[in-house]
Amino acid sequence: MARFIDELKRTHGCGALRDTNVGDEVVLFGWVHSRRDHGELIFIDLRDRDGITQVVFDPSVDGNPFAIGDQARGEWVLGIRGRVRSRGGNVNDKLATGRIEVLALEATVFNRAETPVFSIEDDIDTSEEKRLEHRYLDLRRPKLQRSLMTRSRIYHHTRSHFHDHGFVEVETPIFVKYTPGGARNFLVPARLNPGSFYALAESPQLFKQLLMVSGFDRYIQIVKCFRDEDLRGDRQPEFTQIDVEMSFVCQDDIFGIIEKLVVRLWKELLGVDLAERYPGGVFPRMQFDESMRRFGNDKPDMRFGLEHVDLTELVIEHSGGGIAMLTPIAEKFRSGAYRRDLPEEIVKAIRIPAAQAAGMSRTEIDRLEAFVKQMGAKGLARAKVGPESTGFEWQQSPMGKTATKEFVAAANAACGAVEGDLLLFQFGPEAMVHTVMANLRLHLGKKFGLIPQVGARSATHETGDWNFLWVVEPPLFERGDEGKGWVAAHHPFTRPHDQSLGHLETDPGKVLCYRYDLVLNGVELGGGSIRLHDPDVQKRVFEVLGIGQEQAQEKFGFLLQALRSGAPPHGGIALGLDRLAMLLTESESLRDVIAFPKTGKGADLMTGAPAGVTAEQLAELKVRSLV
RNA sequence: GGGGUGGUAGUUAAGUUGGUUAUAACGCCGGCCUGUCACGCCGGAGGCCGCGGGUUCAAGUCCCGUCCACCCCGCCA
């Protein structure tokens, strides 16, 4: 073995050799991907992160390497010295190296391998559980290797981009003081201070603002963040953000630097010129309000239609349109119990065009109803639009029996409905209707094949299916639990719009702010805000939130003091690097772009974390377990 | 916290109204094979049917509980 490695150095990766190398003597190191034994001739596909090369073992050339080829099994680690030769007519078009092969002249076994629990190939159909238990094997798969290498290039281009633009990279603490509000923190007992705890930072938010106060002007950090919340396919308890903050900037300045980063990443990693679709590399913007109205959420996937139609005004106008379930809602608006500019309950519809509606059975629509009930819907009202001769009446619909002709006509017009179309309705509390209808729209989009599937990359690039959008100007405040009081929709240091300042005391729900989210194909890539650096306005915001001077001091004292010590106007943004990597590699899950991810319960199936600790360890920390 | 789907050889799956020896493919082991590349041919081994309880003459199958994974709501930027 010493001869390999010490004397025989690797000359090529397993994906490197071509026609032009024929005749060269090479040294390859790699894993046995597959082995084909013809008795007096053995082929081994040798694999490393670079690719696959066919190695031939021929006893008539040399019996020693042949003996190794004969013993070798899947995933053994081999070293090969050999000569590149042409395959002649036996070309394999599936391999980049398929025109050549390496005739083994000398070979060594670095390591034998137990039979792997699953085969190391792309598109293997192995449960995620097994893959996570044997992650080191899973990570040998070419797709995951490519994804992690792409991720590495994201780090590189991101750092390079920001350094080119004069940003300073600063590390901020991971162990921080717990601050209430926002995401739940992980806690770490402080042994040197019994009874006290650190929190793991959910983001470097406060520190990056302090860095602006210190005069660093332009800050960048690629940073791990920690949130102890329930997980999803696109959420991990520890995740990575590209964290940015800038001084003396407005919203457009932030957008500009991020757009340039994104354009660069797409160019460098995918060879896609986003400027072709977005002239000047400027992404479109949409008001938060419009996004909610048309799509029901703040991260619209605009690659397909099926937009929402808000029928609330029509329902009010027609006093419920003769439909029993809608009449009480209309009445509440009429009586003034509900506000029309900030409605408590709304009525929305989605129109399914006749072409798709024709293929939907009663059972299928019932399944849709079950789907929306999972999300808090009481049911799923529906109506099939009849022929023109009937005045496009609503058929196969309980509502159709009592609805007034005028209301049906007006609703059809609003939806653009014609004969054969299917209308699906949802009404009730605004948040529920939005959630239900947003998810229903996505569900239908997938069902009807309107959303390009992952993996159809080459096709979608040409048709421009990288759909970027800035969602801007959301409200600063949301109603608190059970509609009582107001809470900050983002965080309380977001700057309100100047035009909104007048509403601050009188009508907080109407205050908009300089907050923004970058959305790509229905995925929230990141978000940020222009911060509030004016102590007077800050005080008024706290008052709306019911936070008194003392309380503010207690919670955010050091930041408030810093903001009074010469704070420049500033703002920033954080992009989810994992999600970015997921989209750039067209992976289906965040877990596929994180080397060692955790399950939905936050477990690492390979190491067994989290795990219990001894009573002694707890005692040293002065912590007692209740379990 | 709530809802859904799933758990059967190493892996992926099938398994009928509950019935005798639990199937298949791939992988693995042995043998044969000089142009394969999803190599081929012959033979073989391999199972706490997630775990615990119950019903029954009899449970992979029915019932209850529980654990794990994935998806969705709540939660979370």
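To find a chain, count down the sequence lines: A is the first, B the second, and so on, and within it residues start at 1.
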> Roughly how far, to the nearest 0.5 Å, is the NZ atom of A:Lys446 from the CZ atom of A:Phe304?
Replying inline: 8.5 Å
> With a 4.5 Å limit on heavy-atom distance, are the side chains of A:Leu580 and A:Ile242 in contact?
Replying inline: yes
> Base, sugar-phosphate alone, or nothing: which one does A:Arg99 contact when heavy atoms must sit under 4.0 Å apart?
Replying inline: nothing
> What does A:Gly89 touch in the nucleic acid at a heavy-atom separation under 4.0 angstrom: a base, only the sugar-phosphate, or nothing?
Replying inline: nothing
>> Heavy atoms only, 4.0 Å cut-off, all strands: where does A:Gly233 land among base, sugar-phosphate and nothing?
In response: sugar-phosphate
> OP1 or OP2 of B:U12 sitting under 4.0 Å from any side-chain N/O of A:Ser127?
Replying inline: yes
> Can any side-chain N or O of A:Lys348 pair as donor or acceptor with the backbone N or O of A:Arg293 at less than 3.5 Å?
Replying inline: yes
> In terms of side-chain heavy atoms of A:Glu101, which of B:A38, B:U36, B:G27 is nearest?
Replying inline: B:U36
> So what does A:Lys94 hit on the nucleic acid, given a heavy-atom distance under 4.0 Å: a base, only sugar-phosphate, or nothing?
Replying inline: sugar-phosphate
> Does the A:Arg47 side chain pair with the main chain of A:Trp31, one donor and one acceptor, at a distance under 3.5 Å?
Replying inline: no
> OP1 or OP2 of B:C72 less than 4.0 angstrom from a side-chain nitrogen or oxygen of A:Asn439, does that happen here?
Replying inline: no
> Does A:Arg591 put a side-chain nitrogen or oxygen below 4.0 Å from OP1 or OP2 of B:C71?
Replying inline: yes
>> By a 5.5 angstrom centroid cut-off and a 30 degree plane limit, is there stacking between A:His38 and B:U36?
In response: no
>> Using a heavy-atom cut-off of 4.0 Å across all strands, would you classify A:Thr435 as base, sugar-phosphate, or nothing?
In response: sugar-phosphate
> Between A:Ser203 and A:Gln241, do the side chains contain an N or O donor and an N or O acceptor separated by less than 3.5 Å?
Replying inline: no
> In terms of side-chain heavy atoms of A:Thr126, which of B:A69, B:U12, B:C37 is nearest?
Replying inline: B:U12
>> Taking the nucleotide of RNA chain B with the nearest heavy atom to each, does A:Asp45 or A:Arg73 sit closer to the 5' end?
In response: A:Arg73
>> Tell me the interatomic distance from A:Lys130, atom NZ, to B:A69, atom C1', rounded to whole angstroms.
In response: 10 Å
> Got a donor-acceptor pair under 3.5 Å from the side chain of A:Arg235 to the base of B:C76?
Replying inline: yes
>> From the set B:C68, B:G35, B:A77, return the single nucleotide nearest to any side-chain atom of A:Gln54.
In response: B:G35
> Closer to the 5' end of RNA chain B via nearest nucleotide, is it A:Asp298 or A:Thr115?
Replying inline: A:Thr115
>> Check for me: is A:Phe118 stacked on B:U11 by the 5.5 Å centroid and 30° plane-angle rule?
In response: no
